[in-house]
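Each remark here refers to the structure printed beneath this line.
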2 protein chains.
Amino acid sequence: MLPKDCDQLVFLAEGASKLIVHMPDLSEQVLAFHFAGDMIYLPHHSQPGLGIIALEDCRIIGFPAKDFLEIAELEPSVLRTILDRSLLALQRSRNKAIRLGRKSAQERIADFLLAMADRIGEPEGNAIRLILPMSRRDIGNSLGLTIETVSRQFTELRDEGVVSTSGRSLVRLNCLGELAVRAGHKHHAEEPCEFCAGSKNDLQPVAIATAD
Amino acid sequence: MLPKDCDQLVFLAEGASKLIVHMPDLSEQVLAFHFAGDMIYLPHHSQPGLGIIALEDCRIIGFPAKDFLEIAELEPSVLRTILDRSLLALQRSRNKAIRLGRKSAQERIADFLLAMADRIGEPEGNAIRLILPMSRRDIGNSLGLTIETVSRQFTELRDEGVVSTSGRSLVRLNCLGELAVRAGHKHHAEEPCEFCAGSKNDLQPVAIATAD
DNA sequence: CGTGCATTTGATAGCTATCAAAGAAGGTGG
DNA sequence: CCACCTTCTTTGATAGCTATCAAATGCACG
């Protein structure tokens with residue numbers, strides 16, 4: 001696909017992808033997920049083994065970084081935009097490092113869901129609807145958890161009504177406040193939503209409409 | 001110290017520092033260590049709670065990012081330099097995420113020591129001498145480990161002759177190959193050094209000269 | 001409707017955090 | 001220069017969490 005002999009600047013125009021790195025043990029580690037509008041810098045030269053893998057149909061545009069940046073220097077605003085995007089990527093990477101460094105499995109999953117809600121969530125009343133393009137394996141790989149642990153955390157959140165799921169990819173976040181608590185972002189939800197308040201002890205999770 | 005009401009660009013001219021973020025539970029998380037020559041971008045605006053803390057006497061220069069970048073746009077090569085530094089920071093952050101995501105305590109410590117060797121190590125024969133400016137607590141905090149686990153891993157590496165220590169801050173990496181194996185970078189050391197070869201089973205670690 | 005893969009669920013082992021206490025290291029004041 | 005004190009580090013014992021192994025269930029696709 002993309003030439004791998006030099007640094008690449010890739011623009012993801014449409015779709016969703018994962019940025020991965022091949023590990024010495026031949027497995028792969030997910031570094032980040034990317035969505036429409038993202039810019040991805042691939043320093044093949046200083047860090048071999050990087051790769052972008054599509055999670056669904058994508059439209060991407062790639063340039064050799066060297067050439068692109070040389071041209072961009074003629075137009076500082078372009079360079080500035082690339083800088084801003086890189087700084088955003090850095091911020092996301094640091095936030096991820098925090099997740100991985102000192103958070104439990106449930107905190108990582110809750111934090112992940114909130115991060116996805118920010119990026120690809122669609123409001124649905126007081127809740128947020130998510131269509132996750134990545135598998136449980138990818139999620140676990142990205143968060144430093146096994147697929148089984150990811151599944152158990154989803155089950156727990158579902159049993160407690162914080163989220164609802166339908167099929168493999170559709171997730172509805174019923175109570176962002178409670179999720180933020182689970183993610184360790186705050187200590188107590190100020191206003192428990194109807195789902196959390198009711199289903200914490202005994203109620204079954206509400207069925208989720210698959211949309212039309 | 002530095003104004004915290006707007007994004008800052010900080011240049012560390014001399015010394016060593018840690019970049020931290022204050023967590024909701026009032027504890028702090030170490031995001032990165034920085035050394036002479038590093039550029040650090042502090043997005044106070046989009047991510048409150050960041051801070052730079054000196055680990056030893058430092059000389060630092062800080063600018064409001066907005067003003068600096070406006071001026072830098074007039075000189076593309078400057079902007080380009082800042083971009084390159086940011087991309088380097090991104091790469092380091094991603095590597096750290098890998099460490100935190102799927103590595104054991106020993107792998108994290110070994111990887112950390114190799115990373116420090118690259119940045120502030122001084123060759124000493126076939127070994128590398130490190131003067132660590134940060135405490136065990138900072139190391140653990142940075143790697144997502146407790147201070148006790150860090151200490152246990154140091155002890156193990158010391159008992160096996162891979163490293164020698166003297167006092168709190170002086171560490172000598174006796175066998176980079178073995179350390180790389182411990183870090184999970186490769187599977188077998190091609191040429192075990194004198195220390196590793198001899199002390200793997202029974203020899204005591206060699207005393208380390210404190211240098212004058 | 002059957003096949004294959006992803007997910008879920010269950011039981012157990014291993015690793016690291018936590019709790020507790022002893023032992024160095026460095027700094028201070030006598 | 002030495003005794004003391006504070007802080008950091010090391011060491012030990014235990015509990016908790018997650019990985020691992022194993023098997024069942026569910027979902028998508030042909």
Side-chain angles (χ1 to χ4, degrees), chain A residues 18 23 25 27 29-30 53 55-56 99-113 131-160 163-171 182 184 204-205 207-208 210, chain B residues 18 23 25 27 29-30 53 55-56 99-113 131-160 163-171 182 184 204-205 207-208 210:
Chain A
K18 58 179 176 179
M23 303 297 287
D25 62 357
S27 67
Q29 163 80 26
V30 174
I53 297 180
L55 296 170
E56 58 187 41
R99 270 204 292 262
L100 294 176
R102 57 187 306 160
K103 286 179 182 292
S104 67
Q106 180 146 147
E107 285 173 317
R108 294 184 205 189
I109 294 291
D111 192 297
F112 166 79
L113 287 173
I131 299 178
L132 297 179
M134 71 290 285
S135 68
R136 299 282 188 271
R137 181 173 303 280
D138 285 332
I139 296 174
N141 195 326
S142 159
L143 298 177
L145 300 171
T146 61
I147 187 174
E148 294 96 329
T149 299
V150 173
S151 179
R152 275 184 255 269
Q153 296 306 325
F154 267 94
T155 300
E156 192 172 331
L157 290 173
R158 195 188 315 122
D159 288 347
E160 292 171 325
V163 309
S164 308
T165 63
S166 173
R168 289 171 179 167
S169 59
L170 184 54
V171 180
R182 305 297 179 101
Q204 284 305 307
I208 182 171
T210 321
Chain B
K18 57 179 175 180
M23 303 298 286
D25 62 357
S27 66
Q29 163 79 26
V30 174
I53 297 179
L55 296 170
E56 58 188 40
R99 269 203 293 262
L100 294 176
R102 57 187 307 157
K103 284 180 181 291
S104 68
Q106 179 144 153
E107 285 172 319
R108 294 184 206 189
I109 294 292
D111 191 296
F112 166 80
L113 288 174
I131 298 178
L132 296 178
M134 70 291 284
S135 68
R136 300 282 189 272
R137 180 174 305 280
D138 286 332
I139 296 173
N141 194 327
S142 159
L143 297 177
L145 301 170
T146 61
I147 186 175
E148 295 96 330
T149 298
V150 173
S151 179
R152 272 185 257 267
Q153 296 307 325
F154 267 93
T155 298
E156 192 172 331
L157 290 173
R158 195 188 314 121
D159 287 349
E160 291 172 324
V163 309
S164 308
T165 63
S166 173
R168 288 168 179 168
S169 59
L170 184 54
V171 180
R182 304 296 179 102
Q204 284 306 306
I208 181 172
T210 320

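Numbers restart at 1 for each chain; the letters A, B, ... are given by sequence-line order, proteins then strands.
Looking only at side-chain heavy atoms (C-beta outward), Ser142(B) and Met134(B) stay at 4.5 Å or farther from each other. Residues Arg102(A) and Met23(B) form a side-chain contact, since some pair of their non-hydrogen atoms from C-beta on lies under 4.5 Å apart. Put simply, the side chain of Arg99(A) does not reach to within 4.5 Å of the side chain of Leu100(B), judged on heavy atoms. Inter-residue side-chain proximity for Glu160(A) and Arg182(A) is flagged as met; some heavy-atom pair is nearer than 4.5 Å. In this structure, Val150(B) and Leu143(B) have side chains that are not in contact, with every pair of non-hydrogen atoms separated by 4.5 Å or more.
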Identify all pairs in which a protein N or O lies below 3.5 Å from an N or O of nucleotides 27-30 of chain D, and state each distance.
from, atom 1, to, atom 2, distance (Å)
dC27(D), O2, Arg168(A), NH2, 3.4

Polar atom pairs between nucleotides 12-14 of chain C and protein, under 3.5 Å, N or O only, would you list them?
none

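Put simply, the side chain of Arg137(A) never gets that close to the backbone of Ile147(A): no donor and acceptor are under 3.5 Å apart.
Across all strands shown, Ser151(B) has heavy atoms under 4.0 Å from base atoms, whether or not it also approaches the sugar-phosphate. Backbone-only contact: Gly144(B) has heavy atoms under 4.0 Å from sugar-phosphate atoms and none from a base. Residue contacts shown for Ser135(A) are limited to sugar-phosphate atoms, with no base heavy atom under 4.0 Å away. Note on Thr146(A): a base of the nucleic acid sits closer than 4.0 angstrom, heavy atoms only.
Take Lys18(A) and apply the side chain to side chain donor-acceptor pair (under 3.5 Å) test, not counting sequence neighbours, and it matches Glu28(A), Asp138(A). Considering only residues two or more places apart in sequence or on other chains, Arg152(B) meets the side-chain contact (heavy atoms from CB on, under 4.5 Å) condition with Glu148(B).
Ranking dA19(D), dT8(C), dT9(D) by closeness to the Thr149(A) side chain, first place goes to dA19(D). Nearest to the side chain of Glu148(B), among dT18(C), dT20(D), dA17(C), sits dT18(C).
Met134(B) has its CE atom 16 Å from the C1' atom of dC8(D), to the nearest Å. Atoms CG (Leu145(B)) and P (dT9(D)) sit 14 Å apart, rounded to a whole Å. The separation between Ile147(A) atom CD1 and dA6(C) atom C1' is 6 Å, rounded to whole Å. Asn141(A) has its CG atom 13 Å from the P atom of dT7(C), to the nearest Å. Going from atom CG of Asp138(A) over to atom C1' of dC5(C) covers 14 Å, rounded to whole Å. Distance, Ile139(A) CD1 to dT8(C) P: 9 Å, rounded to whole Å. If you measure from atom NZ of Lys103(B) to atom P of dC15(C), you get 16 Å, rounded to the nearest angstrom. Taking atom CZ on Arg137(A) and atom C1' on dA19(D), their separation rounds to 13 Å, with Å as the unit.
Of all heavy-atom pairs spanning Gly144(A) and Arg108(A), the tightest one is O-NH1, 3.5 Å.
To the nearest 0.5 angstrom, Phe112(B) atom CZ is 5.5 Å from Leu132(B) atom CG. How far CD1 of Ile139(A) is from CZ of Phe154(A): 4.5 Å, rounded to the nearest 0.5 Å. Note that CD1 of Ile109(A) is 8.5 Å distant from OG1 of Thr149(A), once rounded to the nearest 0.5 Å. Note that the CG atom of Leu55(B) and the OG atom of Ser135(B) stand 8.0 Å from one another [nearest 0.5 Å].
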**Prompt:** What do the steps show when you test Gln106(A) against Leu157(A) for side-chain contact (heavy atoms from CB on, under 4.5 Å), and what is the final call?
**Reply:** CA-CA 9 Å; Gln106(A) 180 146 147; Leu157(A) 290 173; 3.9 Å; yes
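Using modelled atom types and a 3.5 Å distance limit, the side chains of Thr165(B) and Arg158(B) yield a donor-acceptor pair.
Judged by atom type and distance alone, Arg152(B) reaches the base of dT18(C) through a side-chain donor-acceptor pair under 3.5 Å.
Listed by residue number, the members of residues 104-113 of chain A with any heavy atom below 4.0 angstrom from DNA chain C form an empty set.
Rounded to 10°, the angle separating the first-five-pair axis and the last-five-pair axis of the helix from dC1(C)-dG30(D) to dG30(C)-dC1(D) equals 50°.
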